[in-house]
> 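Starting off with a structure, shown below.
Keep in mind the model is a prediction, meaning the values are calculated, not measured. Order of listing sets the numbers, starting from 1, for every ligand and every atom in it.
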Amino acid sequence: MPAITATAPGKIILFGEHAVVYGRPAIAIPVTQVSARALLQADPRGQSGCMRVQASDVQLDAWLADIPQEDPLAAAIRGTLKYLGVDRLPACTLRITSTIPLAAGLGSGAAVSIAVIRAVSAFLGHPLSDEQVCTLAYAVEKIYHGTPSGIDNTVIAYAQPIYFVRGQPIERFVIRRPFTLVIGDTGLPSPTVVAVGDLRRAWQADPAAYERLFDEAGRIARAARQVMESDASPDLLGPLMDENQAVLSELGVSSPELERLTQAARAAGALGAKLSGGGRGGNMIALAAQETASQVASALFDAGAVRVIITQAGDG
Ligand code: PMV
């Protein structure tokens, strides 16, 4: 059995995070500068039926049979085996590595699941379609997020810009005029499940107020898609990002660190900036002209970012 390597990119949410859980549209794009990788190799000296799982980033080195059911990594493997109707594996070792920061809004959980699902299915001679991979990864996302919208596993499985509305067919779209984004990491891990849970409680306490904010986020996402699909200048996305950030602050998912980084980016010439993903900590994104991207990146480092990625949206 040949060794199989599968990779999956990171992602960022450009518009609409959180509101997407409540049925409003959101837009996400893959980020190929970071990725998760799964390497699956037969182990000729191993015992049939036994898979060794090694993920040094999370200090895991164990037999699959010994990993608890609720562990997301094991759930990705077991879900794939079940889907394929395989109950006995050849002896093998699965190694997982990732350059995607954990719990930072860059889709690390979904990317690891997708790399694993692809590696396991290809290793067993049944490579799965993007759609099948997406569905299996969604089941794992539920362990990470509680009530995931499905946007992370979708954008990563298809590795293309996605306009996502929960429960509706996936809409891939093409960005007509590429633009530059600077992604700044606060360095604060922020498990999405916490922000999503807090927001749910707030919404339950005052549904009308929160529904209004979700509507506002939905309007912004729709307007942003129009800009991206037309010949209009992508600079128009800047004010929309600022508006979305204001909504996210009102939803209670921003933080002083995210506010500091978004303000620093704007002061350094960014055309707009917002948090991206679950919020509270994790990453923010800023829209910058290509010539000012490095200036924005330095300003983010000066304001406390622990990592900065410059990426092109819509370059392929
Ligand atoms: O995985 P993150 O942190 O990028 O966030 C996911 C986006 C949320 O809208 C906050 C949650 C969801 O399930 O869509």
Side-chain angles (χ1 to χ4, degrees), residues 8-31 34-36 72 76 98 100-114 134-135 137-158 161-168 170-171 181 183-203 210 213-218 220-221 224 241 244-245 247-255 257-258 274-285 307 309 311:
K11 71 99 217 330
I12 45 172
I13 298 184
L14 289 184
F15 293 96
E17 50 275 271
H18 286 288
V20 69
V21 175
Y22 298 82
R24 275 46 165 211
I27 295 173
I29 59 166
V31 176
V34 287
S35 60
S98 174
I100 310 174
L102 290 169
L106 289 178
S108 62
V112 165
S113 297
I114 284 167
C134 184
T135 305
Y138 181 64
V140 182
E141 284 289 281
K142 288 188 187 161
I143 302 176
Y144 282 104
H145 285 342
T147 53
S149 63
I151 191 170
D152 278 22
N153 51 290
T154 304
V155 63
I156 293 171
Y158 289 91
I162 296 280
Y163 180 84
F164 183 90
V165 182
R166 195 173 186 171
Q168 290 189 14
I170 291 143
E171 291 183 56
L181 290 172
I183 307 172
D185 189 346
T186 60
L188 299 175
S190 171
T192 302
V193 69
V194 177
V196 169
D198 287 353
L199 179 53
R200 181 159 295 273
R201 279 182 288 279
W203 169 74
Y210 284 86
L213 292 167
F214 297 147
D215 282 343
E216 187 58 12
I220 294 166
M241 287 167 74
N244 198 164
Q245 173 60 22
V247 171
L248 289 160
S249 295
E250 282 198 63
L251 292 175
V253 295
S254 192
S255 69
E257 294 78 9
L258 285 164
K274 62 180 278 293
L275 69 86
S276 178
R280 296 278 171 78
N283 279 273
M284 50 69 69
I285 54 176
R307 168 211 290 255
I309 298 170
T311 190

> Hey, is V21 touching ligand 1 through its side chain, its backbone, both or neither, going by heavy atoms under 4.0 Å?
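Near ligand 1, V21 shows its side chain, while the N, CA, C and O stay back.
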> For atom 5 (O) of ligand 1, grab the closest protein heavy atom and report residue, atom and distance to one decimal in Å.
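Closest protein heavy atom to atom 5 (O) of ligand 1: G278 N, 3.4 Å.
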> Using the ring pair (Phe, Tyr, Trp, His ring centres under 6.0 Å) criterion, which residues pair with Y22? Sequence neighbours excluded.
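Listed in chain order: W203, F214.
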> Quick check on contacts: which atoms of ligand 1 are under 4.0 angstrom from a heavy atom of G105?
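Going through ligand 1 atom by atom, the ones under 4.0 Å from G105 are 2 (P), 3 (O), 4 (O).
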> Using the side-chain contact (heavy atoms from CB on, under 4.5 Å) rule, take I151 and K11 through it: C-alpha gap first, then chi angles, then the decisive distance, then the call.
CA-CA 10 Å; I151 191 170; K11 71 99 217 330; 5.8 Å; no
> Suppose I only count heavy atoms of E17 and a 4.0 Å limit; which atoms of ligand 1 are within that range?
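That gives atoms 9 (O) of ligand 1.
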> Yes or no on side-chain contact (heavy atoms from CB on, under 4.5 Å) for L248 and S254, after CA distance, side-chain angles and deciding distance?
CA-CA 6 Å; L248 289 160; S254 192; 5.5 Å; no
> Tell me, which protein residue and heavy-atom name are nearest atom 3 (O) of ligand 1, and how many Å apart are they?
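Answer, as residue, atom name and distance: T192 OG1, 2.7 Å.
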> Is there a side-chain contact between V165 and P25, using heavy atoms and a 4.5 Å cut-off?
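In contact.
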> For atom 13 (O) of ligand 1, what is the nearest protein heavy atom, given as residue, atom name and distance?
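Here the closest protein heavy atom is S149 N, 2.8 Å.
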> So which protein heavy atom does atom 7 (C) of ligand 1 come closest to, and at what separation?
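Here the closest protein heavy atom is I13 CD1, 3.4 Å.
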> Would you mind listing which atoms of ligand 1 come within a distance below 4.0 Å of any non-hydrogen atom of V20?
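Ligand 1 atoms under the 4.0 Å threshold to V20: 9 (O), 14 (O).
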> Which ligand 1 atoms does I151 reach within 4.0 Å, using its non-hydrogen atoms?
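This gives 14 (O) as the contact atoms.
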> Give, for atom CG of L106 and atom CG of D152, the distance between the pair rounded to the nearest 0.5 Å.
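Taking CG in L106 and CG in D152, the distance rounds to 9.5 Å.
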> Of the protein's non-hydrogen atoms, which lies at the shortest distance from atom 1 (O) of ligand 1, and what is that distance?
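Of every protein heavy atom, D152 OD2, 2.7 Å lies nearest to atom 1 (O) of ligand 1.
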> Should N283 and I12 be marked as a side-chain contact (heavy atoms from CB on, under 4.5 Å) after you check the CA-CA gap, both sets of side-chain angles, and the distance that decides it?
CA-CA 9 Å; N283 279 273; I12 45 172; 5.7 Å; no
> Which ligand 1 atoms does G277 reach within 4.0 Å, using its non-hydrogen atoms?
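Those qualifying, in numeric order: 2 (P), 3 (O), 4 (O), 5 (O).
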> Are any non-hydrogen side-chain atoms of K274 and I220 less than 4.5 angstrom apart?
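No - every pair of side-chain heavy atoms lies 4.5 Å or more apart.
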> What protein heavy atom sits nearest atom 9 (O) of ligand 1, and how far off is it?
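Looking at atom 9 (O) of ligand 1, the protein heavy atom closest to it is H18 N, 2.8 Å.
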> In terms of side-chain heavy atoms, does S113 have a donor or acceptor partner in E141 at a distance below 3.5 Å?
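No, E141 and S113 have no side-chain donor paired with an acceptor closer than 3.5 Å.
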> Taking the side chain as every heavy atom from C-beta outward, state whether D185 and P101 have any pair of such atoms under 4.5 Å apart.
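Result yes, sub-4.5 Å side-chain heavy-atom pair found.
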> Any idea which part of K11 is under 4.0 Å from ligand 1, heavy-atom wise: side chain, backbone, both or neither?
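Under 4.0 Å from ligand 1, K11 contributes side-chain atoms alone.
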